[in-house]
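Just below is one structure, and these are the notes that go with it.
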Amino acid sequence: MTGDYKLSEGVLYIAPETQYIRSQIYCTKNDVKRIVIPEGVGFMEDECFAECGELESVSLPEGLINIGPAAFADCPKLREINIPSTVKSIDTGAFFACTELKSITLPKGLETVSEMAFQESGIESILIPESVKAVEASAFFSCENLRRADVLNKNAEIGQDAFGSSYFLVEGYIAPGYPACCDSAAELLYTLLWCSCPEKHGEAVCRRAEAFIRAKEELIMERVLKYNNIPALSGIAARGLLSPEIISTALQTALKEGQTEITALLLEAKNAAASDEEEFEL
């Protein structure tokens with residue numbers, strides 16, 4: 001072991017008794033596949049392991065408090081990392097563009113997911129525990145594989161575009177309902193997420209979501225059809241929120257595109273609407 005680390009057969013060992021990992025400690029980018037960080041390390045500075053092009057896995061120790069800004073940014077092959085229970089913050093851009101990072105478990109004591117922390121990563125689903133007070137701007141922006149997100153703290157602050165441009169995000173429970181900084185694009189996103197589990201939300205959120213759906217039927221169905229958003233349509237159909245005209249138009253598109261599950265849900269909605277009309281006429 002020399003200096004702050006030792007490299008052996010593709011494994012980078014951080015020196016024992018290290019208390020914090022310095023900024024850009026490791027600058028030879030393409031000869032490390034695994035990193036082992038010993039107990040006793042509490043903090044990580046900026047970009048300490050950024051742009052390690054062959055890095056595949058990292059072992060982090062209990063006692064670590066933060067994962068530093070851009071610590072693992074642009075590590076395109078990183079697919080396995082543990083987040084210790086002691087970590088309080090995942091800092092700005094920590095896992096930016098880690099496109100092979102499909103899954104990660106956030107600890108219950110975590111408090112902050114900072115700006116761009118997982119932007120453009122490969123994350124497929126994320127459970128953000130109740131301890132998290134803030135999911136900051138663009139934290140999961142443009143995550144092309146992200147399909148489900150759950151934010152359990154009803155008082156969590158959700159930053160602008162926290163889940164923006166993650167177009168396949170079709171399912172999940174965002175406990176606050178809508179973030180404070182909610183523009184039209186964000187309102188569409190969070191309304192569609194509401195549709196996947198309306199029964200979990202309070203009356204105020206439900207009223208807002210239902211009003212948005214009724215006012216923006218065409219926009220809602222355009223997004224549902226484009227991304228085959230079955231969870232959203234299930235919630236919408238169950239509550240009878242679409243007009244017969246929109247149902248008929250969407251049904252034609254779904255049949256043409258061979259969207260069998262969407263077609264079945266629309267047929268159910270159409271039959272339910274017809275039954276309601278018959279009852280009204282009687």
Side-chain angles (χ1 to χ4, degrees), residues 124-128 140 143-154 156 158 162-180 182-282:
E124 295 176 345
S125 66
I126 193 70
L127 174 62
I128 299 175
F140 295 90
C143 290
E144 294 182 355
N145 298 321
L146 184 61
R147 187 166 182 85
R148 182 181 182 101
D150 293 271
V151 179
L152 301 185
N153 183 357
K154 67 179 181 180
I158 301 177
F163 299 96
S165 294
S166 296
Y167 293 114
F168 288 95
L169 176 56
V170 298
E171 193 171 6
Y173 173 52
I174 307 299
Y178 293 85
C182 200
D183 58 18
S184 57
E187 189 155 12
L188 173 61
L189 169 65
Y190 290 103
T191 295
L192 287 167
L193 285 173
W194 170 87
C195 294
S196 74
C197 56
E199 70 284 351
K200 291 186 178 181
H201 291 275
E203 290 185 12
V205 172
C206 290
R207 285 196 301 270
R208 179 172 177 176
E210 290 182 1
F212 185 85
I213 292 167
R214 294 186 188 283
K216 305 286 186 180
E217 283 185 304
E218 291 185 7
L219 179 62
I220 290 287
M221 284 311 303
E222 177 186 332
R223 185 63 67 90
V224 166
L225 292 166
K226 184 173 182 179
Y227 296 103
N228 199 38
N229 192 336
I230 295 163
L233 186 56
S234 297
I236 293 168
R239 293 207 167 200
L241 296 174
L242 296 176
S243 66
E245 295 79 14
I246 289 293
I247 293 172
S248 295
T249 301
L251 188 54
Q252 291 176 17
T253 302
L255 284 166
K256 182 180 178 181
E257 297 297 326
Q259 295 172 295
T260 55
E261 291 184 77
I262 294 286
T263 298
L265 287 168
L266 288 169
L267 284 171
E268 288 179 14
K270 184 177 181 180
N271 292 335
S275 297
D276 289 343
E277 276 192 24
E278 288 175 7
E279 288 181 12
F280 181 76
E281 287 175 2
L282 289 174

Would you call the rings of Tyr190 and Phe163 parallel, tilted or perpendicular, where under 30° means parallel and over 60° means perpendicular? perpendicular
Inspect the contact between Glu171 and Arg148 and indicate whether a charged nitrogen and a carboxylate oxygen are less than 4.0 angstrom apart. yes
Is the number of heavy atoms from other residues, nucleotides or ligands under 6.0 Å of Glu124 CD greater than 12? yes
Non-hydrogen side-chain atoms of Val205 and Trp194 separated by less than 4.5 Å: yes
Heavy-atom closest pair, residues Pro198 and Cys206: O-SG, 3.6 Å
Rounded distance (nearest 0.5 Å) linking atom NZ of Lys270 with atom CD1 of Ile247: 9.0 Å
Expected output: side-chain Thr249 to main-chain Ile246 donor-acceptor under 3.5 Å: no
Do you know which two heavy atoms are closest between Ile262 and Ala254, and how far apart they sit? CG2-CB, 3.8 Å
CZ of Arg208 to CD1 of Ile213, rounded to nearest 0.5 Å, is 12.5 Å
Evaluate Thr191 against Tyr178 for side chain to side chain donor-acceptor pair (under 3.5 Å), listing each step before the verdict. CA-CA 8 Å; Thr191 295; Tyr178 293 85; 2.7 Å; yes
side-chain contact (heavy atoms from CB on, under 4.5 Å) partner of Phe212, the single match among Arg207, Glu187, Glu217: Glu187
Stepwise, does the side-chain contact (heavy atoms from CB on, under 4.5 Å) test hold for Gln259 with Leu225? CA-CA 8 Å; Gln259 295 172 295; Leu225 292 166; 3.5 Å; yes
List the atom of Ala156, the atom of Pro176, and the distance in Å for their closest heavy-atom pair. O-CG, 3.6 Å
Kindly give the heavy-atom pair with the smallest separation between Ala175 and Leu152, and that separation in Å. CB-O, 3.6 Å
Rounded to the nearest 0.5 Å, what separation is found between the CZ atom of Arg147 and the SG atom of Cys143? 15.0 Å
Positive for side-chain contact (heavy atoms from CB on, under 4.5 Å) with Leu192, one of Val170, Ile220, Leu233: Ile220
Do the ring planes of Tyr227 and Tyr167 sit parallel (below 30°), tilted (30 to 60°) or perpendicular (above 60°)? parallel
For the atom pair SG (Cys195) and CG (Asn229), what is the distance rounded to the nearest 0.5 Å? 8.0 Å
Looking at Asp150 and Leu127, would you say the former's side chain and the latter's main chain have a donor-acceptor pair under 3.5 Å? no
Is it the case that over 12 heavy atoms from other parts of the model lie below 6.0 angstrom from the CD atom of Glu199? yes
Heavy-atom pair of closest approach, residues Phe168 and Glu144: CD1-O, 3.6 Å
Using a 4.5 Å cut-off on heavy atoms from C-beta on, say whether the side chain of Lys256 contacts that of Thr253. no
Spacing of Leu242 atom CG and Glu218 atom CD [to the nearest 0.5 Å]: 11.5 Å
Does a side-chain N-to-carboxylate-O contact under 4.0 Å join Arg214 and Glu210? no
As an exercise, state the distance from OG of Ser166 to CG of Leu189, rounded to the nearest 0.5 Å. 8.0 Å
